[in-house]
2 protein chains.
Amino acid sequence: MHFSIGELSKQTGVKVPTIRYYEKEGLIDPPVRTEGNQRRYRETDRERLRFIRHSRDLGLPMPAIRDLIELSQHPDKPCHEADRIASDQLKSIRERIVHLKKLEAELARIATSCRGDHTVTQCNVLKAFGDHSQCLDNH
Amino acid sequence: MHFSIGELSKQTGVKVPTIRYYEKEGLIDPPVRTEGNQRRYRETDRERLRFIRHSRDLGLPMPAIRDLIELSQHPDKPCHEADRIASDQLKSIRERIVHLKKLEAELARIATSCRGDHTVTQCNVLKAFGDHSQCLDNH
DNA sequence: CTTGAAGCTCTAGTCGCTATAGGGATTAGA
DNA sequence: TCTAATCCCTATAGCGACTAGAGCTTCAAG
């Protein structure tokens, strides 16, 4: 029923200092304390923390998580907002994939341009890093 | 021949405070100064800065760039190291793409699970963010 | 009752910049 | 030559999301 911060950490996979950090940032409520000032948590805290953890794993920034938590406190509100946050994040991830694929293409070209059997002055890799005009794309 | 930091910034696309930051970090050499203590650069500084900029654009972390610069100061050394840095970066970018694609798949599923025409208590998006076990993959 | 693990607070560091404050230098035009 | 606009200077702090460390207290097992 009441467990320590270390126990909560084990159960959620969120590190102890991170849990305290989330509390400081207002993502989780300050729990009750023992007489000796140690935090004691309940199941609801664990659910909240799992929610945060999963959202973070999915790449959501903390303000978005804050919004989702806010939203979840108002059960009767419509959930467009949650929808929007998810699609925004999807969009942002897709953009990052597009960007990284461009970098992948350039780097693949660069990394194969020289076998490491030259000296520095002849090195195509070094040349390529110095000269964007060799690139096929405006990364 | 000798140009100001603003001019250098325009020519390379690196912002003025960033140039000063690179100098502080030792990525570019401290240039000569005017009597009034303003920096004046030459072509070689511009080449160096373009090298840094392009490497950053390709996602290289600063320590890797530092290594490449070190290397380029020794023209007769073999260039395995440059090769290795490029392939490491390629590997890291490919890993990030793999990771982001997993997130993309989960988020695509989550974002289409609810059209925003529910209330918060019924919202599949909120449920999905809270519950990793619904996921198809261990992102 | 002792001991060792786990907890506490507070501060500072990570990375690669970016912003701001409060001043001095340079330059183009009148 | 003067002035106004623009540029440049240093130094410090902030961003996001933690993480590490110091120095202390509390808890639980034996």
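If you're wondering where the values come from, they're calculated on a predicted model, not measured in any experiment. Just so we're on the same page: letters track the sequence lines, and every chain starts at 1.
- The shortest distance between the side-chain N/O atoms of A:Tyr22 and the OP1/OP2 oxygens of D:dC18 is below 4.0 Å.
- The shortest side-chain heavy-atom distance between A:Cys123 and A:Lys127 does not fall under the 4.5 Å cut-off.
- Taking only side-chain atoms of A:Pro17, from C-beta outward, the nucleotide of C:dG7, D:dC9, D:dT19 with the closest atom is D:dT19.
- DNA chain D is contacted by A:Arg56 of residues 48-58 of chain A, taking any non-hydrogen atom closer than 4.0 Å.
- Rounded to whole angstrom, the span from the CZ atom of A:Phe3 across to the C1' atom of C:dG7 amounts to 16 Å.
- Here C:dT9 is the nucleotide among D:dC7, C:dT9, D:dC18 with the atom lying nearest to any side-chain atom of A:Arg20.
- Of the residues near DNA chain C, B:Glu35 and B:Met62, the one whose nearest nucleotide (by heavy atom distance) lies more toward the 5' end is B:Met62.
- Judged purely by distance below 3.5 Å, without hydrogens or angles, the side chains of B:Glu47 and B:Thr44 never pair a donor atom with an acceptor atom.
- Residue A:Ser4 has a polar side-chain atom (N or O) positioned under 4.0 Å from OP1 or OP2 of C:dG7.
- Of the listed nucleotides (C:dT18, C:dG16, C:dC8), C:dG16 has the atom at the smallest distance from the side chain of B:Pro61.
- Shortest non-hydrogen contact noted between A:Val125 and A:Ile110 is CG2-O, 3.5 Å.
- Under the 3.5 Å distance criterion, with hydrogens and angles disregarded, a donor-acceptor pair is assigned to the side chains of B:Thr119 and B:Gln122.
- Between the two ends of the helix from C:dC1-D:dG30 to C:dA30-D:dT1, each summarised by a five-pair axis, the helix axis turns through 10° (rounded to 10 degrees).
- Rounded to an integer number of Å, the gap from B:Lys10 NZ to D:dT6 P is 12 Å.
- Comparing B:Glu7 and A:Arg40 along DNA chain D, the residue whose closest nucleotide (by nearest heavy atom) sits nearer the 5' end is B:Glu7.
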